[in-house]
Amino acid sequence: MGLIFKNGTERLQAIRDASSILYPKYQPCFDIYEEIIQRNIKDKIVLDGGCGAQTFLGKFKPRIKKLIGLDKNEASLMKNQALDQKVVA
């Protein structure tokens, strides 16, 4: 018998809940990543390599001095509204 979830968010929450029971010191990698970014991003020029049409760093934009996006797909890169500068490579 398998578990049935309504959506990916519900599935992810179930995994986090189970992980926190099995491993009390468990912390999702993106939470750790965000903490590192929060500590080091203020008033910096930041390069997001391979950002495509969206950037994870966009939510930190108010704290970033300049957000530069680098991607090989020009059409995708041009859709990214969070970037201050776009570089096709």
Side-chain angles (χ1 to χ4, degrees):
M1 180 178 149
L3 298 174
I4 299 174
F5 302 102
K6 293 178 185 173
N7 54 48
T9 303
E10 188 177 284
R11 179 180 174 272
L12 181 59
Q13 188 58 52
I15 292 169
R16 286 182 173 179
D17 292 346
S19 296
S20 66
I21 292 167
L22 295 171
Y23 308 99
K25 293 184 179 186
Y26 168 80
Q27 188 177 10
C29 63
F30 275 108
D31 292 351
I32 296 167
Y33 183 51
E34 282 190 34
E35 286 176 22
I36 293 168
I37 290 171
Q38 289 285 7
R39 287 194 308 260
N40 296 290
I41 210 163
K42 189 170 180 357
D43 299 323
K44 301 281 176 45
I45 297 172
V46 178
L47 175 66
D48 187 352
C51 60
Q54 296 181 352
T55 177
F56 171 76
L57 298 171
K59 68 185 194 176
F60 302 104
K61 183 96 166 87
R63 302 187 69 214
I64 297 172
K65 181 177 181 179
K66 184 174 186 178
L67 181 56
I68 302 170
L70 174 75
D71 202 284
K72 67 179 184 175
N73 185 326
E74 183 175 10
S76 182
L77 184 63
M78 293 306 145
K79 293 177 185 175
N80 195 322
Q81 299 299 311
L83 303 173
D84 295 311
Q85 184 177 343
K86 301 171 184 180
V87 179
V88 179

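Count residues from 1 along the sequence.
Take S20 and apply the side chain to side chain contact (heavy atoms under 4.5 Å, CB included) test, not counting sequence neighbours, and it matches no residue. Partners of Q54 by side chain to side chain donor-acceptor pair (under 3.5 Å), not counting sequence neighbours: none found. For the side chain to side chain donor-acceptor pair (under 3.5 Å) test, no residue two or more places apart in sequence or in another chain qualifies with D71. Residues meeting the side chain to side chain donor-acceptor pair (under 3.5 Å) test with E10, sequence neighbours left out: none. Applying the ring-ring contact (aromatic ring centres under 6.0 Å, His included) rule to F30 yields the partners F56; only residues at least two apart in sequence or on another chain are considered. Looking at residues two or more places apart in sequence or on another chain, you find no side chain to side chain donor-acceptor pair (under 3.5 Å) involving R11.
Side chain of R16 to main chain of P28: no donor-acceptor pair is present (N/O by atom type, distance under 3.5 Å, no hydrogens or angles).
Counting Ile, Leu, Val, Met, Phe, Trp and Tyr side chains that sit under 4.5 Å apart, directly or through other members, I15 stands alone, with no cluster partners. Under a 4.5 Å side-chain heavy-atom cut-off, the cluster of Ile, Leu, Val, Met, Phe, Trp and Tyr residues that includes L12 has no other member. Cluster partners of Y26 are L22, Y23, counting Ile, Leu, Val, Met, Phe, Trp and Tyr whose side-chain heavy atoms approach within less than 4.5 Å, directly or via other members.
Taking every heavy atom of both residues into account, S76 and A53 meet most closely at OG-N, 3.0 Å.
There is no path of hydrophobic side-chain contacts, each under 4.5 Å, that joins L67 to V87. A continuous path of Ile, Leu, Val, Met, Phe, Trp and Tyr side chains, each step under 4.5 Å between heavy atoms, connects L83 with I37, placing both in one hydrophobic cluster.
Listed by first then second residue, pairs satisfying salt bridge (Lys or Arg N to Asp or Glu O under 4.0 Å) with a partner in residues 31-40 read E34-K59, not counting sequence neighbours. Identified under the salt bridge (Lys or Arg N to Asp or Glu O under 4.0 Å) test for residues 77-89, with sequence neighbours left out: K61-D84.
Side-chain atoms of L77 and C51, non-hydrogen and from C-beta on, do get closer than 4.5 Å to each other.
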Report, one line per pair, each donor and acceptor closer than 3.5 Å where one atom sits in a side chain of residues 40-48; sequence neighbours left out.
unit_1	atom_1	unit_2	atom_2	d
N40	ND2	I36	O	2.7
K44	NZ	N40	O	3.3
D48	OD2	T55	OG1	2.2

